[in-house]
Amino acid sequence: MLQAPLPTALPPLRILVVDDQASTREVLSAQLQFAGHAVEEADSAESALQAFQRHRPDLVLLDVEMPGHDGYWVASQMRAAEAGGWTPIIFLSSLDQDHCLWQAIESGGDDYLVKPVSSTVLQAKLRAMQRLRRTQSRLIELSDELRLANEQLTRLSHEDALTGLPNRRSFDARLQQEILAAQREQQPLTLVLCDIDFFKGYNDSLGHVAGDACLQRVGSLLQGICRRPRDYPARYGGEEFALILPLTPRSGAMTFARAVLRTLALTAMPHPSSSVAPHLTLSGGITTCIPDQDTAVEGLIRRADDALYAAKSRGRNCFFSFEMQMDTREQRSASRTAADFQASGRAPLSGFGDLLSPAPPSVNGQK
Ligand SMILES: [Mg+2]
């Protein structure tokens, strides 16, 4: 399946010739160069390993008997140095015995020729090795392509194709992680579900292409507002978006929601079919908790969804928080009232403890 027809001419090789006899190296090098190959020479085990590392040859012709370390040792060292690669090694030896051939193959060699080797036999062996090497290179290429394709597939399976935001599958997994983290750290976790008001009308009046562009724009705006590394905006489905805001208390969540509405108002994307504003708006449900062992993904989503429903019943273009029992419009006026109380030195309104905290360092209310 993998083999393409082989061309008659194979590309020249870079060959390392290892032999302690200068005359043998000379003869071999001349033959190889005559056939068009490039040759490096080494006269000992040590210089062979250095040349192997330095030149990364396509093939090694390796003498067996050399002073000091022999060719078997050299082959085993070369194999160890390749770490997953494969350079063909052909032994050239004057020893014509079966156990020598056996040892050559065991030490990492691919073939074993007895000297003197005829030029024809040598060229034929080189061609065979070239073919094997081409197949190996192609396999490596295919394996790299497969790895890249798998990476892309993994990314696509976690990403919403239209907005580029994480999709519902990623969102569910991430929410589960953040619930466990918040439970461990005993920190507040906020979940926000929001959707575009009168989106069906938007599509009906402006068309689906504009509708898609609108979803992309809203996704990008939400992403821009989520500035902390662990904030996680996702496309929940249709015109719904979900945001996981770790380390975010109730008041921080409300401040965040107001920032979203303010950004949408400033962006002022025209919405001809909205009965709440001339521009595009969102309704959102917020739930905030310090999770315990009973807190589950489904429960949090249901709670945020109920809050979203409450926001819609309250006239849309607002975010409702169950824990605060108010929406973003009420919270804005409550903030003013609370600030007035604080300025006048009177006791804060009960249940507004978060609102009276010092000004949050970020839009979410915590670092
Ligand atoms: Mg020798």
Side-chain angles (χ1 to χ4, degrees), residues 2-3 6-141 143-144:
L2 299 172
Q3 282 134 345
L6 286 165
T8 48
L10 290 165
L13 298 169
R14 290 167 300 125
I15 299 174
L16 174 60
V17 173
V18 184
D19 203 300
D20 58 313
Q21 300 290 327
S23 55
T24 309
R25 291 198 308 274
E26 261 175 46
V27 171
L28 274 172
S29 295
Q31 282 181 11
L32 295 168
Q33 282 162 347
F34 181 75
H37 302 296
V39 178
E40 289 291 332
E41 294 183 17
D43 60 2
S44 67
E46 288 72 20
S47 63
L49 288 179
Q50 283 169 11
F52 184 76
Q53 295 282 11
R54 194 165 55 243
H55 299 296
R56 290 283 162 201
D58 300 317
L59 186 141
V60 181
L61 292 179
L62 183 53
D63 186 21
V64 172
E65 294 175 297
M66 292 186 287
H69 291 297
D70 61 16
Y72 305 134
W73 180 85
V74 174
S76 63
Q77 295 297 307
M78 285 177 175
R79 287 290 176 242
E82 282 189 307
W86 174 68
T87 305
I89 298 174
I90 300 177
F91 279 102
L92 298 180
S93 171
S94 49
L95 304 170
D96 186 9
Q97 289 158 326
D98 288 354
H99 74 269
C100 296
L101 182 144
W102 179 266
Q103 196 175 351
I105 301 300
E106 280 297 290
S107 66
D110 298 295
D111 208 339
Y112 186 93
L113 303 177
V114 178
K115 291 190 270 196
V117 183
S118 86
S119 179
T120 308
V121 169
L122 185 60
Q123 297 301 337
K125 294 288 183 184
L126 291 182
R127 285 181 70 79
M129 289 300 165
Q130 273 176 300
R131 285 179 196 166
L132 285 173
R133 198 174 161 78
R134 272 168 58 97
T135 305
Q136 188 218 21
S137 302
R138 184 67 191 128
L139 279 173
I140 290 171
E141 281 171 22
S143 149
D144 285 347

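In each ligand, atom 1 is the first atom listed, and ligand 1 is the first ligand listed.
Taking a cut-off of 2.8 Å, the protein N, O or S atoms nearer than that to the Mg ion (ligand 1) are Asp20 OD1, Asp63 OD2, Glu65 O.
Residues Ser107 and Phe91 meet the side-chain proximity criterion, which asks for heavy atoms closer than 4.5 Å. Residues Val17 and Gln31 fail the side-chain proximity criterion, which asks for heavy atoms closer than 4.5 Å.
With Met129 as the partner, the side chain to side chain contact (heavy atoms under 4.5 Å, CB included) test is satisfied by one option alone out of Leu59, Ile89, Ile15, Thr87: Leu59.
Of all the heavy atoms in Val114 and Leu95, the pair that sits closest is CG2-O, 4.2 Å.
Annotation: cation-pi geometry not satisfied between Arg54 and Phe52 (NZ/CZ under 6.0 angstrom from ring centroid, within 45° of ring axis).
For Asp58, the side-chain hydrogen bond (donor to acceptor under 3.5 Å, both in side chains) partners two or more places apart in sequence, or in a different chain, are Arg14.
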